[in-house]
Amino acid sequence: QVLINGVAATPTQVRAGVIKINAQQNDVVTINFTPEATTGIRSASVVEKPALSVNGRTITVKNATATTVTDLSGRRLLTTSASSFTLPIADGKAFLVSMQTAKGEKVTQKVLLP
């Protein structure tokens, strides 16, 4: 965009990369460079990552379609699609909770329960 004394003006292209601006002495010429950047991304959406909260021995997960709980030795204790579940004290205190979104994104967190 080219402005002469605050008024839009149309420059003339002389050759590739060169323009001519018809301005007079003491004119204020403003050139705003606003190149269009393209990324190839046609659309985007916000995806909430899976998260969990703990209350006692109850674990509540958000934004997950599948959750797997294993102990630290890798033994699978639970696989569920429920948003909330309680682990028995007999299963121990330390766990890995793996949550997966509908789009396949996985998040794993270590959880220590009382």
Pair up each side-chain donor or acceptor in residues 1-20 with any protein partner under 3.5 Å, not counting sequence neighbours, and list the distances.
residue, atom, partner, partner atom, Å
Gln1, OE1, Asn32, ND2, 3.1
Asn5, OD1, Val28, N, 2.8
Asn5, ND2, Asp27, OD1, 2.9
Gln13, NE2, Arg15, O, 3.4

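Side chain of Arg57 to backbone of Pro114: a donor-acceptor contact under 3.5 angstrom is found.
Here the shortest heavy-atom pairing between Ala23 and Val29 reads CB-CG2, 3.7 Å. Scanning both residues, Asn63 and Glu48, for their nearest heavy atoms gives ND2-CB, 3.2 Å. The minimum heavy-atom distance between Ser73 and Asp71, with the atom names listed, is OG-OD1, 2.7 Å.
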Legend entry - CA sep, side-chain torsions, deciding dist, call: Thr86, Thr58, side chain to side chain donor-acceptor pair (under 3.5 Å): CA-CA 4 Å; Thr86 301; Thr58 300; 2.8 Å; yes
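The hydrophobic cluster containing Val111, built from Ile/Leu/Val/Met/Phe/Trp/Tyr side-chain heavy atoms closer than 4.5 Å, also comprises Leu52, Val54, Ile59, Val61, Val69, Leu77, Leu78, Phe85, Leu87, Phe95, Val97, Met99, Val107, Leu113.
Atom OG of Ser98 and atom CZ of Arg76 lie 9.0 Å apart (nearest 0.5 Å).
A salt bridge (Lys or Arg N to Asp or Glu O under 4.0 Å) check over residues 90-114, counting only residues at least two apart or in different chains, returns the pairs Lys49-Glu105.
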